[in-house]
Amino acid sequence: LKFFQDDRWIFFCWLFLLMSWISVDVEADGPIPGDFSMLALGAVIVEPSLQKTFYARLHPISEKWMPDSLKICGFSREQTLRFEKPQSVLRHFAQWLSIQGGKHLYFVSDNGFDWQYVNWYFYHFLGSNPFGYSSINLLSLFLGLKKNMYSKFKHFKKKSYGHNPLDDALANARAMLKMK
């Protein structure tokens, strides 16, 4: 209650309004960035319309790839070799984030897998990450809101989208809007 008696709560309310929450999902051909490649990236600004979206497919950066991972992604190795160069994709993604998201970006994904790839790719190809140094895990956020480490999260994501990263990012954004 003391928190609301001073001006700090106003600052936090304004800060929350200035933030852009970006739901991001990736598909990759293996478990770790650098050795393996991010092949597809989907993102959406978390707002009720869910109209501000980004999607791209990225050319592999490595000769290493796992057939099972490609099968999950739904791409053949031959298809991935025709995708856009990663540096170009990351440049476009950073520009999209700047235009659509603004300055205060918060990366949201359902797990750390997506963050590790996006963070590595931004630093490797552009030298900086517009999201900064950290991300928000949607499951952890949900468990904190419920104040129960055993709460079930899957019911917030009603559809399975077959590993299309834009569809998965949209599903996560819808779940986050329900939490809000």
Quiz item: Any idea which heavy atoms bring Val89 and Ala56 closest together, and the distance?
Solution: CG1-CB, 3.6 Å
Self-check item: Spatial distance of atom CG (Asp35) from atom CE (Met66) [nearest 0.5 Å]
Solution: 11.0 Å
Practice problem: Output yes when a side-chain donor or acceptor of Ser37 lies under 3.5 Å from a complementary backbone atom of Leu39, and no otherwise. | Solution: no
Self-check item: Contact summary for Val44 and Ala169, nearest pair of heavy atoms
Solution: CG1-O, 3.6 Å
Quiz item: Any side-chain heavy atom of Phe122 sitting closer than 4.5 Å to one from Ser128?
Solution: no
Quiz prompt | Same apolar cluster (I L V M F W Y, side chains within < 4.5 Å links), Leu177/Trp21 | solution = yes
Practice problem: Rounded to the nearest 0.5 Å, what's the gap from CG on Asp168 to OG on Ser109? Could you check? | Solution: 11.5 Å
Quiz prompt | Minimum heavy-atom distance Gly42-Pro165, with the two atoms named | solution = N-CB, 3.5 Å
Exercise. Rounded to the nearest 0.5 Å, what's the gap from SG on Cys73 to CD on Gln79? Could you check?
Key: 10.5 Å
Could you list the donor-acceptor pairs under 3.5 angstrom formed between side-chain atoms of residues 48-55 and any protein atom two or more places apart in sequence or on another chain?
from: Ser49; atom 1: OG; to: Glu47; atom 2: OE2; distance (Å): 3.4
from: Ser49; atom 1: OG; to: Gln51; atom 2: N; distance (Å): 3.4
from: Gln51; atom 1: NE2; to: Ser49; atom 2: O; distance (Å): 3.1
from: Tyr55; atom 1: OH; to: Arg57; atom 2: NE; distance (Å): 2.9

Exercise. Following the transitive rule for hydrophobic clusters with a side-chain heavy-atom cut-off under 4.5 Å over Ile, Leu, Val, Met, Phe, Trp and Tyr, establish whether Phe142 and Ile136 coincide in one cluster.
Key: yes
Exercise. Report yes or no: does Gln116 contribute a side-chain atom to a donor-acceptor pair with the main-chain N or O of Pro31 at less than 3.5 Å?
Key: yes
Practice problem: Kindly work out whether a path of hydrophobic side-chain contacts (I/L/V/M/F/W/Y, heavy atoms less than 4.5 Å apart) joins Phe75 to Phe36. | Solution: no
Self-check item: Note, Ile61 side chain near Phe125 side chain (heavy atom, < 4.5 Å)
Solution: yes
Quiz item: Under a single-linkage definition using a 4.5 Å side-chain heavy-atom cutoff for Ile, Leu, Val, Met, Phe, Trp and Tyr, are Met176 and Val118 assigned to the same hydrophobic cluster?
Solution: no
Self-check item: Leu41 and Val24, any side-chain heavy atoms less than 4.5 Å apart
Solution: yes
Exercise. Please state whether the rings of Phe93 and Trp96 are parallel, tilted or perpendicular, taking 30° and 60° as the class boundaries.
Key: parallel
Quiz item: Is there a donor-acceptor pair closer than 3.5 Å between any side-chain N or O of His59 and the backbone N or O of Leu81?
Solution: yes
Self-check item: Tyr117 and Phe113 aromatic ring geometry - parallel, tilted or perpendicular at 30°/60° bounds
Solution: tilted
Quiz prompt | For the student: nearest non-hydrogen atoms of Ile72 and Glu27, plus distance | solution = CG2-OE1, 4.3 Å
Quiz item: Going hydrophobic residue to hydrophobic residue with side-chain gaps under 4.5 angstrom, can you get from Ile32 over to Trp65?
Solution: no
Quiz item: Are any of the side-chain heavy atoms of Asp114 and Phe107 separated by less than 4.5 Å?
Solution: yes
Quiz prompt | Gap separating the CG atom of Asn172 from the CG atom of Asp110, nearest 0.5 angstrom | solution = 4.5 Å
Exercise. Look at the side chain of His124 and the backbone N and O of Trp120, then say whether any donor-acceptor pair between them is shorter than 3.5 Å.
Key: no
Exercise. State whether Asp29 and Arg77 are salt-bridged, where the test is any N-O pair (Lys NZ or Arg NE/NH1/NH2 against Asp/Glu carboxylate O) under 4.0 Å.
Key: yes
Quiz item: Should Ile22 and Val108 count as side-chain neighbours, where that means a heavy-atom distance under 4.5 Å?
Solution: no
Practice problem: Answer yes or no: is there a side-chain heavy-atom contact under 4.5 Å between Asn129 and Trp115? | Solution: yes
Self-check item: Sub-4.5 Å side-chain heavy-atom contact between Arg174 and Ser23
Solution: no
Exercise. Would you check if the side chain of Tyr121 reaches a backbone N or O of Leu90 as a donor-acceptor pair within less than 3.5 Å?
Key: no
Exercise. Looking only at non-hydrogen atoms, find the nearest pair between Pro130 and Leu97 and report the distance.
Key: CG-CD1, 3.9 Å
Quiz prompt | Remaining members of the apolar cluster that contains Tyr123, side-chain heavy atoms under 4.5 Å | solution = Tyr133
Practice problem: Report the distance from atom OG1 of Thr80 to atom CZ of Phe83, rounding to the nearest 0.5 Å. | Solution: 6.0 Å
Quiz prompt | Atom pair CE/CG of Met38 and Leu58 - distance to nearest 0.5 Å | solution = 5.0 Å
Quiz item: Taking side chain as C-beta onward, heavy atoms only, is His104 less than 4.5 Å from Ser20?
Solution: no
